[in-house]
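Remarks on the structure that follows.
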Amino acid sequence: MTDVDTSSSTAPAAIDAVPLRHPWRWVAAVVIIALLVLFLYGAATNEAYKWHVFRQYLFNERVLAVGLVNTLQLTVYSMVLAIVLGVILAVMRLSDNPIFKSVAWVYLWIFRGTPVYVQLVFWGLIPVIYSTIQLGVPFGPSFFHFDLQAISFPFVLAILGLALNESAYMAEIIRAGISSVPEGQSEASTALGMSWGMTMRRTVLPQAMRVIIPPTGNEVISMLKTTSLVTGVPFTLDLYGITSREIAAREFEPVPLLLVAAFWYLVITSILMVGQYYLERYYARGASRKLTTKQLEVLAKAQGTGAPGGGGEGA
Amino acid sequence: MTPMVKAEQVCKSFGALHVLKGITLEIGKGEVLCMVGPSGSGKSTFLRCINHLEQVNAGRLYVDGELIGYRERGDKLHEMSPRDAAKQRREIGMVFQHFNLFPHRTALENIVEAPIHVKRNKKDDAVARAKDLLDQVGMAEKAGAYPAQLSGGQQQRVAIARALAMNPKLMLFDEPTSALDPELVGEVLGVMKKLATEGMTMVVVTHEMGFAREVANHLVFMDAGVVVEEGPPREVLANPKHERTKAFLSKVL
């Protein structure tokens with residue numbers, strides 16, 4: 001009876017319940033940790049891993065300054081080119097123009113339908129197939145002459161090969177993103193007098209980004225690893241080429257140098273995953289009813305000053 | 001004086017489906033026209049034809065004396081370029097049933113979007129005008145809110161402000177309150193009523209008979225793609241002459 005009286009004036013005490021036990025989680029954790037320890041112990045004591053070679057080459061200048069740098073450049077350049085081409089292809093596929101539509105379809109059909117390794121080898125052979133480039137009137141005079149065989153550009157061909165292949169996949173990702181934006185959005189933009197291009201740029205694509213970014217992050221990581229195939233061009237100065245072809249072949253130590261390559265691939269992938277997190281957060285703005293940290297701060301401030309509805313704040 | 005909207009025998013079909021079968025109407029400057037009728041009667045399609053979201057198949061549609069969607073050269077009509085069509089739409093504001101605010105922009109950003117990027121107004125001027133408009137629709141406090149954080153009624157009021165920011169000479173409302181909770185309908189109708197008293201020419205597709213009776217100068221009842229009956233709202237609503245109008249009104253009133 002007295003309890004009832006006190007509780008009416010004070011807030012009820014916080015619930016202090018006994019938490020639900022999960023004994024099997026503990027069992028599973030113990031088993032997995034035991035297996036992990038066994039594996040690590042085995043790896044550490046197994047001579048075949050040659051950890052001293054791994055340590056010796058992990059921060060090797062040739063691995064970092066040539067291999068890592070080239071792999072990063074290949075990834076970034078080909079991905080940027082692939083995204084630009086992908087946007088163009090996606091827009092072409094969605095346009096009303098039948099010529100654009102069919103050109104984009106054929107492009108996708110070819111570049112998605114053949115293996116990337118085959119394409120890379122093919123691009124490597126381009127200087128053999130087309131030894132010169134001439135610009136002029138067909139069967140008429142030539143204004144411009146370019147000798148492909150005179151220069152060696154496996155690096156450029158590698159980027160081109162990777163980008164053209166990737167753009168076919170990016171086009172499909174971007175098309176899916178564009179299609180995910182409700183029709184009312186482009187209708188509202190049209191009704192405001194926006195042109196088709198402006199509607200795409202200002203209304204549709206920014207909203208499509210939310211759908212486009214997660215799979216694109218996937219593609220960047222996948223591209224990072226696909227760069228190890230540029231050996232088909234042949235371009236051999238990437239991370240995998242330097243570690244496995246150059247150093248491992250010289251030292252007869254394939255296992256520790258593969259681990260060196262794997263280590264650096266994992267490091268870059270981890271950095272990319274962090275970048276993706278922030279990009280996703282940026283493009284998710286407005287998608288949730290939850291107030292942003294900034295908005296909460298403004299509201300808290302208004303509450304603090306005691307001004308009801310504290311509107312009319314300056315720009 | 002040229003009427004704001006003049007429709008002559010406007011027809012629209014989607015493939016074999018005839019949605020509009022010859023609509024002839026006139027809306028004077030400063031007038032409010034309400035269009036009522038069962039769903040599928042073609043009201044929304046007619047509205048969308050006025051700002052060329054749909055292309056008319058037959059007949060002529062003029063806004064402020066200007067033919068919509070086509071250029072007339074001699075006795076031949078030429079399809080209008082997207083650029084010119086966009087120019088015509090700038091003068092006509094439209095408010096949608098589902099608001100269609102840009103979810104990735106705040107209320108204020110939604111309103112300044114078209115003035116800055118379409119009309120190329122200065123940013124400061126556009127923001128000042130947008131704040132003024134938000135104030136007029138009673139949303140000044142929510143300038144920084146994203147659409148998802150607003151109620152339906154608030155979103156629709158921002159949508160009205162967004163359309164007004166282009167200084168249109170004509171406003172089209174496509175069932176502006178149909179997606180709203182009943183308690184929120186009043187706030188949107190209030191804004192529209194104010195707009196009407198300020199002399200804005202408005203075409204409103206609606207099921208709000210009270211609004212039509214009170215605010216509209218002219219009421220049009222449509223069914224199956226034709227205008228069945230039209231006239232002063234009080235008269236049409238009180239003494240409908242046509243059987244179909246009677247049947248419809250007995251269900252909604």
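Every heavy atom of this structure was used, including side-chain atoms; hydrogens, water molecules and symmetry mates were not.
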Next on the checklist: Can you confirm whether more than 12 heavy atoms, excluding those of A:Phe100, are under 6.0 Å from its CZ atom?
Outcome noted: no
Checklist entry - B:Pro82 versus chain A, heavy atoms under 4.5 Å apart: side chain, backbone, both or neither? => result neither
Next on the checklist: How about OH on A:Tyr278, more than 12 heavy atoms from neighbouring residues, nucleotides or ligands closer than 6.0 Å, or not?
Outcome noted: no
Checklist entry - For chain B, which residues of residues 169-203 of chain A have at least one non-hydrogen atom nearer than 4.5 Å to it? => result A:Gly184, A:Gln185, A:Glu187, A:Ala188, A:Ser189, A:Thr190, A:Ala191, A:Leu192, A:Gly193, A:Met194, A:Met198, A:Arg202, A:Thr203
Checklist entry - Taking atom CD of B:Glu79 as the centre, does the number of heavy atoms from other residues, nucleotides or ligands within less than 6.0 Å exceed 12? => result no
Item to check | Atom CG of A:Asn97 with >12 non-hydrogen neighbours under 6.0 angstrom | outcome: yes
Item to check | Greater than 12 external heavy atoms within 6.0 Å of B:Lys193's NZ | outcome: no
Checklist entry - Does atom CG of B:Leu17 have more than 12 heavy-atom neighbours from other groups under 6.0 Å away? => result yes
Checklist entry - In terms of heavy-atom pairs under 4.5 Å, which option from B:Gln88, B:Arg90, B:Glu113, B:Lys142 contacts chain A the most? => result B:Glu113
Item to check | Which of B:Arg105, B:Lys87, B:His52, B:Arg83 touches chain A most, by non-hydrogen pairs under 4.5 Å | outcome: B:Arg105
Checklist entry - Which region of B:Arg162, side chain (C-beta onward) or backbone (N, CA, C, O), has a non-hydrogen atom less than 4.5 Å from a non-hydrogen atom of chain A, or is it both or neither? => result both
Checklist entry - Heavy-atom count around A:Tyr107 OH within 6.0 Å, excluding the residue itself: above 12? => result yes
Checklist entry - Among residues 91-102 of chain B, which residues come closer than 4.5 Å to chain A, judged by heavy atom distances? => result B:Ile92, B:Met94, B:Phe96, B:Asn100, B:Leu101, B:Phe102
